[in-house]
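Heads up: numbering here begins at 1 and tracks the sequence. Values below: every heavy atom of this structure, side chains too, minus hydrogens, waters and symmetry copies. Each ligand, and each atom within it, is numbered from 1 in the order the structure gives. Since the structure is predicted, the reported quantities are computational estimates derived from the model, not experimental observations.
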Amino acid sequence: MKGKFIVIEGIDGCGKTTQIDELSKWLPHSGLIKRGSKLITTREPGGSLLGQKIRGLILDNNEKNKPSSLAELLLYSADRAEHVSKIITPALNNNDWVISDRFSDSTLAYQGYGRNINLEIIKTIESIVCQGESPDLTFFLEISPEESVFRRKNEIPDRIESEGIRFLEKVNEGFKQIAKEKNWKVISASQNVQTISTEIKETVLKNFSNKK
Ligand code: TMP
């Protein structure tokens, strides 16, 4: 028996963090997680100790440290390899549940659709990096690129967030395409926090209540 793996995806500012907080407060009391199992919340990039260092490297705003597109892809992939090996697989094998703020489809959306790196190359790398792990359920919190920019107008952007609206449009289109192909649960993230949270919880119950 393995635990369940839930991923939340979406462009910057879509409210993933808030929704993961809501879900992780509710899930332990939902009756879905067996006694003796835990819930782990994690994120990419930066879910492991080494990953936190990689996160600092990838999101560094200093122009001198800007990686090439290929180096960027490989840094996200290195972060994921470590995250899977050290955090995700051990937790799932221990029958624990894992909620991750982003996983491999962020690479497909940002580096593939956003940076135009060949999707087949990315999928090949991912097939090595993910080591057989894939989400049991993925949510796509959908907002427009305009809304994304508006919501973050008072924040200092990281390097990827500084890419501008055209880049975000391509990433968002990528997410929409992947969501269709992989049958994700798509939720309009322009609704209020409680409505989104209720929809997420109902979907989790529907997917997992008979499959403990
Ligand atoms: P976060 O702000 O959601 O923590 O993610 C940091 C940034 O990294 C965000 O702009 C999306 C980007 N990103 C990629 O470009 N590729 C990836 O594979 C991942 C996981 C994140």
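- Ion pair Lys66/Glu72 not flagged as a salt bridge, since none of the NZ, NE, NH1 or NH2 atoms sits closer than 4.0 Å to an Asp/Glu carboxylate oxygen.
- Ranking protein heavy atoms by distance to atom 11 (C) of ligand 1, first place goes to Tyr110 CZ, 3.4 Å.
- For Glu9 and Lys16, the salt-bridge test fails: no basic side-chain N is under 4.0 Å from an acidic carboxylate O.
- Among all non-hydrogen protein atoms, the one lying nearest atom 17 (C) of ligand 1 is Tyr76 CD2, 3.3 Å.
- Ionic pairing of Glu163 and Arg115 is present here: one or more N-O contacts between side-chain nitrogen and carboxylate oxygen are shorter than 4.0 angstrom.
- For Arg102, the closest heavy-atom approach to ligand 1 falls below 4.0 Å.
- Under 3.5 Å, the side chains of Gln177 and Glu181 contain a donor-acceptor pair of N or O atoms.
- For Glu72, the closest heavy-atom approach to ligand 1 does not fall below 4.0 Å.
- Just one residue in the list Lys182, Lys176, Arg80 forms a salt bridge (Lys or Arg N to Asp or Glu O under 4.0 Å) with Asp105, and that residue is Lys182.
- At under 3.5 Å, not a single nitrogen or oxygen of Glu44, backbone or side chain, sits near a nitrogen or oxygen of ligand 1.
- For ligand 1 and Ile160, the ligand atoms under 4.0 Å from any heavy atom of the residue are 10 (O).
- For Thr89 and Glu133, the side-chain atoms include at least one donor-acceptor pair closer than 3.5 Å.
- Ring centers of Tyr113 and Phe175: at least 6.0 Å apart, outside the cut-off.
- A cation-pi arrangement, defined by a distance under 6.0 Å to the six-membered ring centre and an angle within 45 degrees of its axis, is present between Lys153 and Phe150.
- Contacts between Thr107 and ligand 1 below 4.0 angstrom, taking non-hydrogen atoms only, involve backbone and side chain alike.
- Distances below 4.0 Å separate heavy atoms of Ser106 from the following atoms of ligand 1: 16 (N), 17 (C), 18 (O), 19 (C), 20 (C).
- Within the 4.0 Å heavy-atom criterion, the part of Arg55 lying near ligand 1 is the side chain and not the backbone.
- Interface of Gln111 with ligand 1, defined as ligand atoms under 4.0 Å from a residue heavy atom, comprises 14 (C), 15 (O), 16 (N), 17 (C), 18 (O).
- Distance from atom 9 (C) of ligand 1 to its nearest protein heavy atom, with residue and atom name: Asp12 OD2, 3.1 Å.
- Close contacts of ligand 1 with Arg80, meaning ligand atoms under 4.0 Å from a residue heavy atom, involve 18 (O), 20 (C).
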